[in-house]
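One structure below.
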Amino acid sequence: MKRTLCVFNRNREAFLGLSVAPADTLTMRLRGLLGRVRLNPDDGIWLIPSRGIHTIGMLFAIDVIYLDAANRVIHLVEHMGPFRISPIRIKCASILELKSRTIYSSNTQIGDELLICAAEEIKTFCGVNRLPPIRRIAAAGVD
């Protein structure tokens with residue numbers, strides 16, 4: 001079974017992806033998203049390590065999020081079309097490739113902190129007790 005992760009923007013309280021595949025081996029990073037016809041809304045790939053990417057051979061545009069070692073956003077590329085080469089960022093530790101318009105719809109910005117973990121771990125990091133008071137009441141079902 002393929003391992004997938006969730007990506008949550010802590011600053012904007014928005015999910016960027018619910019089925020993001022980690023690419024942490026050379027073979028997986030080289031393959032990336034090549035061979036896919038499209039990317040589903042919650043799908044993506046997390047390239048670890050990476051400082052830059054290309055979309056040569058891809059058939060669709062993607063959003064690219066550069067992350068430092070603490071998973072903070074250091075650079076964004078929206079709607080990167082096929083047959084392009086992204087800039088290299090020396091301080092970049094990993095890169096997220098997500099469906100086009102994900103950056104816009106989640107309002108992700110430089111400096112945002114992303115939580116990347118398995119779906120089962122989301123409650124640990126973003127449990128009801130860590131939500132602001134109004135959200136805690138709504139999560140508890142109190143009107």
Side-chain angles (χ1 to χ4, degrees), residues 1-140:
M1 185 173 164
K2 190 170 93 171
R3 181 174 68 127
T4 60
L5 303 169
C6 293
V7 180
F8 181 74
N9 185 328
R10 288 182 167 193
N11 299 79
R12 311 293 165 202
E13 296 184 357
F15 280 98
L16 281 73
L18 299 174
S19 184
V20 176
D24 50 3
T25 67
L26 179 62
T27 306
M28 292 170 73
R29 285 193 312 272
L30 286 173
R31 184 161 190 265
L33 296 173
L34 292 175
R36 288 193 177 193
V37 178
R38 71 180 190 288
L39 200 56
N40 293 328
D42 288 322
D43 288 353
I45 190 165
W46 184 28
L47 304 166
I48 317 155
S50 184
R51 293 186 174 157
I53 61 150
H54 69 83
T55 57
I56 297 169
M58 288 182 55
L59 303 173
F60 51 90
I62 58 171
D63 278 0
V64 182
I65 301 175
Y66 292 69
L67 304 171
D68 65 9
N71 290 339
R72 280 200 163 68
V73 178
I74 59 171
H75 187 73
L76 299 166
V77 179
E78 292 186 72
H79 197 75
M80 184 172 162
F83 297 94
R84 304 283 190 272
I85 298 174
S86 74
I88 303 294
R89 296 290 179 242
I90 300 302
K91 295 183 180 183
C92 182
S94 62
I95 292 180
L96 282 167
E97 295 181 0
L98 303 167
K99 185 167 175 68
S100 189
R101 309 258 313 150
T102 300
I103 293 171
Y104 175 80
S105 63
S106 65
N107 195 27
T108 298
Q109 297 175 12
I110 293 173
D112 286 357
E113 183 183 347
L114 302 186
L115 172 63
I116 304 172
C117 63
E120 302 82 38
E121 298 172 7
I122 286 289
K123 288 183 181 179
T124 305
F125 295 106
C126 300
V128 172
N129 293 333
R130 294 183 181 220
L131 295 173
I134 294 171
R135 292 184 187 253
R136 256 188 261 141
I137 292 168

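Computed from a predicted model, the values in this text were never measured in an experiment.
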request  = Report yes if the side chains of Pro49 and Arg29 come closer than 4.5 Å at any heavy-atom pair, otherwise no.
outcome  = yes
task = Calculate, to the nearest 0.5 Å, the distance between atoms CD and SG belonging to Glu120 and Cys6 respectively.
result = 8.0 Å
ask   = Should Ile65 and Val7 count as side-chain neighbours, where that means a heavy-atom distance under 4.5 Å?
value = no
task = Of all the heavy-atom pairs spanning Met80 and Ser86, show the shortest one and how long it is.
result = CE-N, 3.4 Å
ask   = Where the side chain of Arg10 meets the backbone of Asp112, is there a donor-acceptor pair that is under 3.5 Å apart?
value = no
inquiry  = Once side chain to side chain donor-acceptor pair (under 3.5 Å) is applied, what residue pairs with a partner in residues 100-109 remain, sequence neighbours excluded?
reply    = Asn9-Thr108, Arg12-Gln109, His79-Ser100, Ser106-Thr108, Asn107-Gln109
task = Would you indicate whether the side-chain heavy atoms of Val77 and Tyr66 approach each other to under 4.5 Å?
result = yes
query = Any side-chain heavy atom of Pro87 sitting closer than 4.5 Å to one from His75?
reply = yes
query = Is Asp68 close to Lys91 at the side-chain level, that is, under 4.5 Å between some pair of heavy atoms?
reply = no
Whether Asn11 side chain and Glu113 backbone form a donor-acceptor pair below 3.5 Å = yes
ask   = Name the one of Leu67, Ile95, Asp24 that satisfies side chain to side chain contact (heavy atoms under 4.5 Å, CB included) with Trp46?
value = Leu67
key: side chain to side chain contact (heavy atoms under 4.5 Å, CB included) between Leu76 and Asp63, intermediate numbers included   = CA-CA 8 Å; Leu76 299 166; Asp63 278 0; over 6 Å; no
message = Please determine whether side chain to side chain contact (heavy atoms under 4.5 Å, CB included) holds for the pair Glu97 and Leu39, giving the CA-CA distance in whole Å, both sets of side-chain angles, and the decisive distance to 0.1 Å.
response = CA-CA 10 Å; Glu97 295 181 0; Leu39 200 56; 5.9 Å; no
task = Starting at CG of Leu5, measure out to CD1 of Ile45 and round the result to the nearest 0.5 Å.
result = 11.0 Å
ask   = Mind checking whether Met28 and Leu26 have side chains closer than 4.5 Å, heavy atoms only?
value = no
Side-chain polar contacts of residues 51-62 - donor-acceptor pairs under 3.5 angstrom, sequence neighbours left out - could you list them?
{"unit_1": "Arg51", "atom_1": "NE", "unit_2": "Ile90", "atom_2": "O", "d": "3.2"}
{"unit_1": "His54", "atom_1": "ND1", "unit_2": "Ile56", "atom_2": "N", "d": "3.0"}
{"unit_1": "Thr55", "atom_1": "OG1", "unit_2": "Gly81", "atom_2": "O", "d": "2.6"}
{"unit_1": "Thr55", "atom_1": "OG1", "unit_2": "Phe83", "atom_2": "N", "d": "3.1"}
{"unit_1": "Thr55", "atom_1": "OG1", "unit_2": "Arg84", "atom_2": "N", "d": "2.9"}
{"unit_1": "Thr55", "atom_1": "OG1", "unit_2": "Arg84", "atom_2": "O", "d": "3.4"}

query = Please walk me through it: do Leu114 and Val73 pass side chain to side chain contact (heavy atoms under 4.5 Å, CB included)?
reply = CA-CA 7 Å; Leu114 302 186; Val73 178; 4.1 Å; yes
